[in-house]
Amino acid sequence: MSEQMKPVRVRFAPSPTGHMHLGSGRTALYDYLIARKTGGKFILRIEDTDRKRYVPGAEEELIEGLHWLGLDWDEGPDIGGPYGPYRQSERGEIYREYARKLVGMGHAYFCFCTPDRLERVRQEQQKRKDIIRYDGTCRGLDPDEALKRVANGERHVIRFKAPREGVTTVHDLLRGDITVDNQTIDDFVLLKSDGLAVYHLAAMVDDHLMKITHVIRGSEWLPTFPLHALIYRAFGWQEPVWVHLSVFLKPSGKGKMSKREAAELGKDGYSIFIADLKQSGYIPEAVVNWIALMGWSYDDRTEFFTLSDLIDKFSLERLNPAPAAINFSKLDHFNGLHIRSLAIGDLAQRLRPYFEKGGLKVDPVILEKVTPLVQPRITTLDDAVDIAGFFFLEHVEPRIEELIGKDLSLRESAEIAQKSYKALESVETFNAENTETAMRQLVEELGLTAGQVFGILRVAITGQKVSPPLFESMEIIGKQKTLARIRYAVNLLENSVEKGYF
RNA sequence: GCCCCCAUCGUCUAGCGGCCCAGGACGUGGCCCUCUCAAGGCCAAAACGGGGAUUCGAAUUCCCCUGGGGGCACCA
């Protein structure tokens, strides 16, 4: 059994600061896949140590988004677990304890510098084009003296005492060894003056305490990766396997998506937010398939994957460290593919809310019949409303200019509609086969093309120039309604003839 | 400015020294099927950023350049 096959403990650790987006969805997916594949545990942990950035409702959206994608976890704030609590805001005392422990070990120190002074130092460093870092004022303070000041209630933070000389080598699964000069590792703040931990401390302590074996996170953590490894080493803990995922770039491939650009996408029904994608009629199977392949591949040809396929085939080794541009047309493609692979009953149930949202009253019997016609024709669920909404309408209102057949006059079109009515009226068993036979006969008698005649009927019956196959549609609508709609169209055409339009 | 990461068709990618005058997919163009639109089938155009080095042989290894991305908070 390879190293990878041992049961892992992985965690998805989002901070509830906004909408759940594709990047976090992918990280969560990879976490989930490797956990399920190895028979390990997938843990959800909320990183909400920054109270200023907390967004109410974000945690709920996160949980909803994960569930929608089909991911479930073994431990988390909502279901508990043996290593809780799973919300960092509830673990403050733990971080304070470990921060003090680090001070005691000589790996961290109290710092009494004010944010004001720090800001001035930074600006000066900037002006001098120096390396921007903490200037070390409190680093050399006498520990007993510092402790006394703390006891006196002086406002302070705890900083990590990063090594000043030498290099630090860390290992990323995808990139191999990364060696940095220790001069570039700052004395980061571990514990803020409000007594709350920052990410660097909280995440490391939690990952260790929660026995996380593989840390899978975004590459925005690469620059502080050595610091994190150093914290592990200072405590004498065994490091997890570190995996830094590439970032998602905007479709152009130039830079990551800004807020404004994300909003701009919405005009085309696209979005980087999971909740929006659901709203737009994308199905989770497609989204999962799509994001799984942005940064991971199975081989040189297989692209269609269900969640369980992915559990079966996923491996961390086949992750790609290069940044990936988001390609929404590929999402459309996968959505179509997965929609077409759905069972009719399943698809029908998923379609229903979209029709209802479109103000249609859905007859379940009709819906079940309409679904197979719609299935190969939609790329998103809400496309069904445009293409097949007429099935659930009492009346349709064709546009007179669209009722005129190709290369035909208004008068001719009226006559054809009238003759079609007659032909269809005499069809006893009103199914697609019989109506098509009758109509093809009429087409031949008239010496016209099928396209000319069927086009008129299509507009009459569906109110649209584009629709599912005509005769199947007529069968679903039924003889009575079909004839009524043709009658209505005939009247429309004849009235226009009388009024001398066109 | 400093630090880190990355680099194959427009995009997602396969390729881990000879199987590659580079394979698949999306998108694009064409054809077939066809009552419209799709779906489906077939075909086509389309890439190893540049320069050195190693080697009998490099898309694959090493170095430099260039380009792109990320980071430089008492945010995560």
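Reminder, nothing fancy here: chain letters follow the sequence lines and each chain counts from 1. In this text the structure is predicted, and so the values were computed from the model without any measurement.
Under the Watson-Crick and G-U wobble criteria, each requiring two contacts below 3.5 Å, nucleotide B:rG29 is paired to B:rC43. Applying the Watson-Crick and G-U wobble criteria (two distances, each under 3.5 Å), B:rU54 pairs with nothing in any strand. Under the Watson-Crick or G-U wobble criterion, with both distances below 3.5 Å, B:rA59 has no partner in any strand shown. Figure legend. B:rC48 is base-paired to no nucleotide; pairs are counted as Watson-Crick or G-U wobble with both atom distances under 3.5 Å.
A:Asp50 comes within 4.0 angstrom of sugar-phosphate atoms only, judged by non-hydrogen atoms across all strands, and of no base. When heavy atoms are screened at a 4.0 angstrom cut-off, A:Cys113 is found touching base atoms of the nucleic acid. Counting any heavy atom pair closer than 4.0 Å across all strands shown, A:Arg318 reaches sugar-phosphate atoms only and no base atom.
Taking atom P in both B:rG23 and B:rC16, the straight-line distance is 14 Å, to the nearest Å. Separating the C1' atom of B:rG70 from that of B:rG30 is a span of 43 Å, rounded to the nearest Å. For B:rU8 and B:rG50, the C1' atoms lie 15 Å apart once the distance is rounded to whole Å. B:rA7 and B:rA14 are spaced 16 Å apart, taking the C1' atom of each and rounding to whole Å. For B:rA45 and B:rU28, the C1' atoms lie 9 Å apart once the distance is rounded to whole Å.
Side-chain to base pairing of A:Ser193 with B:rC74: one donor and one acceptor N or O lie within less than 3.5 Å of each other.
Taking 4.5 Å as the limit, every side-chain heavy atom of A:Ser89 sits out of range of all side-chain heavy atoms of A:Arg51. A:Asp177 is not listed as a side-chain neighbour of A:Val170, based on a closest heavy-atom distance of 4.5 Å or more.
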For nucleotides 37-41 of chain B, give me every protein contact, N/O to N/O, under 3.5 Å, one pair per line with atom names.
unit_1	atom_1	unit_2	atom_2	d
B:rC37	O2	A:Arg377	NH1	3.3
B:rC37	N3	A:Arg377	NH1	2.4
B:rC37	N4	A:Arg377	NH1	3.4
B:rA38	O2'	A:Pro376	O	2.6
B:rA39	O4'	A:Pro376	O	3.0
B:rA39	O3'	A:Arg340	NH1	3.0
B:rG40	OP1	A:Arg340	NH1	3.1

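When each of B:rG27, B:rA76, B:rA73 is scored by its nearest atom to the side-chain atoms of A:Ser329, the top-ranked nucleotide is B:rG27. Among the nucleotides B:rC12, B:rC6, B:rC5, the one closest to any side-chain atom of A:Pro321 is B:rC6.
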Could you give the side-chain donor-acceptor pairs of residues 451-462 of chain A under 3.5 Å, partners two or more places apart or in another chain?
unit_1	atom_1	unit_2	atom_2	d
A:Gln452	OE1	A:Thr449	N	3.0
A:Gln452	OE1	A:Thr449	OG1	3.3
A:Gln452	NE2	A:Lys406	O	2.8
A:Arg458	NH1	A:Ser467	OG	2.9
A:Arg458	NH1	A:Pro468	O	3.4
A:Thr462	OG1	A:Arg458	O	2.6
A:Thr462	OG1	A:Gln464	N	3.0
A:Thr462	OG1	A:Gln464	O	3.1

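Remark on RNA chain B: of its neighbouring residues A:Ala197 and A:Thr184, the 5'-side contact belongs to A:Thr184, judged by nearest-heavy-atom nucleotide. Nucleotides of RNA chain B nearest to A:Glu436 and A:Pro251 differ in position, and the one nearer the 5' end is that of A:Pro251.
Sorted by residue number, the members of residues 223-231 of chain A with any non-hydrogen atom under 4.0 Å from RNA chain B read A:Pro223.
For A:Arg301 and B:rG23, the shortest distance from a side-chain N or O to OP1 or OP2 is not below 4.0 Å.
Counting to the nearest Å, the C1' atom of B:rA14 and the OH atom of A:Tyr298 are 13 Å from each other.
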